[in-house]
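Side chains included, hydrogens not; waters and symmetry mates left out as well; all remaining heavy atoms used. Keep in mind that this is a model prediction, so the values were computed, not measured.
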Amino acid sequence: MFYRLIFIFCLLLPSLAFGTADELAFSPQWLSLVHYRPRLFGGYKSSIDSDNFFLAQDGRTNPKTELDATIKLFRENADKDKICMFPARYIFLLNNKLIEQIKVDCKEYNQFKSDLNPSGVTLLFTDAYMNNPSSLFGHTLLRIDTARKGTQLLAHGANYGAYTNGENSVLFAVYGLTGGYYGGWTVKPYYDIINTYNNIENRDIWELNLDLTPSEIDFFVAHLWEMGQTQTRYYFFSKNCSYMIMEALDAVRPSLHLSDKFPAWTIPVDTIKAVFHSQNIVKSVNYRPSRQAKIIHRANQMNSQQKRAFIRAIHDDDYDLAGVPDDEKADVIETAYQYVQYQFVKKEFDLKEYRQRSFKGLMARNKLQNQKAQMSENPKGRSPLKSHEAMRATFGVGKLRGEDFQEIAYRPAYHSLTDNDYGLLTGAEINFLNSRWRHYDKTHKTVLSEFNILGIRSLSPINYMFTPTSFDINWDLWRAYNPVTHKEGYATKLHVNGGATVELLPHLWGYINGGAEGAYGGFLPHNTYAAFSLSGGAFVHFRSFKFLAEARQNFGTTWFANQKIYKLEANIPLSTNWGLSAEYKFEDNSKGSDSEEFMTSVRFYF
């Protein structure tokens, strides 16, 4: 009898130590490993859409049956192809003593792991790229650090993105917002990623080196293999690149609960902050400036003689360097050489011309007695980890056409021109679903005064090296005012502008734009109008003070659209997440009375 009890106890020991299958089916790691998320009215549903990711018929919504089917797969050891699809599940079951170790030769997975040769995992954040709608908020991806000797350029990057088939029209926005695309994981050499983001798109990269144990690194690689064979509905503001990375990291270390922090929408910069502020996960942060940022940094260090010689070199291919002291010539040639590389990557000339121009620069440097460059190579980056939070609430008081009002505004995302731009792109603005509610004292009305569906603006100065386009896209639902009848009503308006920005002085930019505007609404005369617009303004951007002044003239198809609009906006950042602002607006209407508005407000970012 005694020996029989001992035998039964030994059989029960694994379940006592590691939990039963029923308990593990709802354990944090199993839920994270199969990407289960709680449903609104109870139960679970996996965020993965591919049928091949599930072994049970109801596996997408039933963690228990999926675990049972996974245990059965490995215990029977009969379906090699299926077994080789789930190396992370195998590790999970083995660690929890639910199966015995089996021998299966998974050649493709073993080759995948050998190619990666992993030694660590790094979370990457790239700056916003204003010329690509899918990257307006920045982008996150992962690097699987390599154990190979030498540079991490030999490592691999893991990227989650939408399969768009090259679509880049209005349909891209529609599909991206409504889940019309599928997204998936791709793995490619890290030097390709650097070339795309750092060199072609000229985006700075921030690297968060994650403090994972060797077993966690192996588990991540195994799970990456599993995810790489799946697809998921892609949503631009929720189930995007950043959110799927949060789920992947939760699978490795469930105690992080990263995906739980983003139940509604996911902004890339918010996810890197969430990771950074989690305990014992980030061991270091590195900054990798773009090629363009390096060139600008070098040019800003030049004196007037060096700058004139540099302009001759890049525009006239003239390396005479007359008037430049010998110990300063190497920096001029080095910067010109980097600029030629930049032009070639941007496909501004062909390989033959690139070789000719590069060779001429190298020959000029070879003739120098002092060939050593002295300038610092990398600018000091402004960490996005120290930027303001994405959501903003505004509390203000003001006066519109002589009537006092109080305003409460809420913006889910993400940044305005006059917000504190530390850690973000200066001159870039992305506002999404910004609503402004007002109460008027005289009429005792509480109304939605404006609903900014989407506002995108980019002010980027042109100079002797770069000629970016500045633009302004704004889609509003607003409470329009009829200056003749003095009545108000709702209409929707789309405004698109493009032009150029120049740096007049340090911290002072001037810009001019031209574009079109269209509006529709039953309140408007003839229900609609179209207009051509010209605008110009000035933007002052110190860290402790932001100021925007703009004048716009509309030439419309109806008298209602013919107007001059003058705007002033100032903001004093009191801290990272607090600001004190003032706004002024004057509308010079072609008929009826003009409109004047002033408001002061407090901004809070959270």
Side-chain angles (χ1 to χ4, degrees), residues 118-129 135 137-147 150-160 190-191 193-199 201-214 216-217 220 241-246 248-250 252-253 255-259 261-262 266-294 296-297 376-390 414-415 420-426 428 543 575-577 605:
S119 66
V121 178
T122 296
L123 174 63
L124 308 174
F125 172 78
T126 69
D127 276 344
Y129 182 51
S135 298
F137 294 93
H139 181 59
T140 54
L141 63 156
L142 293 163
R143 184 183 73 205
I144 299 90
D145 303 332
T146 180
T151 175
Q152 286 300 331
L153 290 176
L154 301 175
H156 286 75
N159 186 39
Y160 178 87
Y190 188 53
Y191 57 77
I193 290 172
I194 290 297
N195 191 49
T196 299
Y197 294 109
N198 247 174
N199 300 335
E201 296 182 354
N202 292 298
R203 300 160 72 172
D204 293 344
I205 298 177
W206 291 85
E207 303 173 341
L208 280 67
N209 303 116
L210 303 183
D211 191 11
L212 301 180
T213 65
E216 287 176 324
I217 295 169
F220 172 78
C241 61
S242 298
Y243 179 79
M244 297 309 294
I245 287 175
M246 297 300 98
L249 294 178
D250 280 342
V252 175
R253 192 179 292 182
S255 60
L256 293 172
H257 297 290
L258 292 169
S259 54
K261 299 175 182 178
F262 304 97
T266 312
I267 297 174
V269 71
D270 286 347
T271 62
I272 65 167
K273 289 180 181 179
V275 173
F276 181 76
H277 293 298
S278 297
Q279 289 187 348
N280 305 319
I281 187 63
V282 177
K283 57 184 177 181
S284 64
V285 179
N286 302 319
Y287 170 57
R288 182 184 288 272
S290 68
R291 187 189 297 275
Q292 187 181 78
K294 290 180 179 180
I296 292 173
H297 177 64
S376 67
E377 186 71 20
N378 295 327
K380 183 180 180 181
R382 303 191 307 173
S383 174
L385 297 169
K386 297 180 180 179
S387 64
H388 67 72
E389 300 300 326
Y414 144 77
H415 177 71
N420 183 354
D421 61 8
Y422 189 88
L424 302 170
L425 283 179
T426 299
R543 183 172 180 181
S575 65
T576 301
N577 291 314
Y605 309 83

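Residues forming a ring-ring contact (aromatic ring centres under 6.0 Å, His included) with Tyr605 (at least two apart in sequence, or on another chain): His388. Applying the side chain to side chain donor-acceptor pair (under 3.5 Å) rule to Asp270 yields no partners; only residues at least two apart in sequence or on another chain are considered.
By the 4.5 Å heavy-atom criterion applied to side chains, Val269 and Phe137 are not counted as neighbours. Side-chain contact check for Met246 versus Val275: some heavy-atom pair is nearer than 4.5 Å. Using a 4.5 Å heavy-atom cutoff, the side chains of Leu142 and Leu123 are in contact.
Between the side chain of Arg382 and the backbone N or O of Asp421 there is at least one donor-acceptor pair closer than 3.5 Å. Within the 3.5 Å criterion, the main-chain N or O of Gly138 finds no donor-acceptor partner in the side chain of Thr126. Proximity of a side-chain donor or acceptor of Asn577 to a complementary backbone N or O of Glu389 within less than 3.5 Å is detected.
Ser242 and Thr140 are linked by a side-chain donor-acceptor pair at a separation below 3.5 angstrom, with hydrogens and angles left out of the test.
Residue Gln279 holds its CD atom at 10.0 Å from CG of Leu256, rounded to the nearest 0.5 Å. For the atom pair Ile272 CD1 and Ile267 CD1, the distance stands at 12.0 Å (nearest 0.5 Å). Cys241 SG to Asn159 CG: the interatomic distance, rounded to the nearest 0.5 Å, is 7.0 Å. Distance check: Thr122 OG1 to Arg143 CZ gives 4.0 Å after rounding to the nearest 0.5 Å. Expressed to the nearest 0.5 Å, how far CG of Leu258 lies from OH of Tyr243 amounts to 10.5 Å. Put simply, CZ on Phe125 and CG on Leu208 are 10.5 Å apart, with the number rounded to the nearest 0.5 Å.
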- Report the C-alpha distance between Leu124 and Tyr190 in whole Å, list the side-chain angles of each, state the deciding distance to 0.1 Å, and finish with yes or no for side chain to side chain contact (heavy atoms under 4.5 Å, CB included). CA-CA 11 Å; Leu124 308 174; Tyr190 188 53; 3.4 Å; yes

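Among Trp206, Tyr197, Tyr160, the one residue that satisfies the ring pair (Phe, Tyr, Trp, His ring centres under 6.0 Å) test with His139 is Tyr197.
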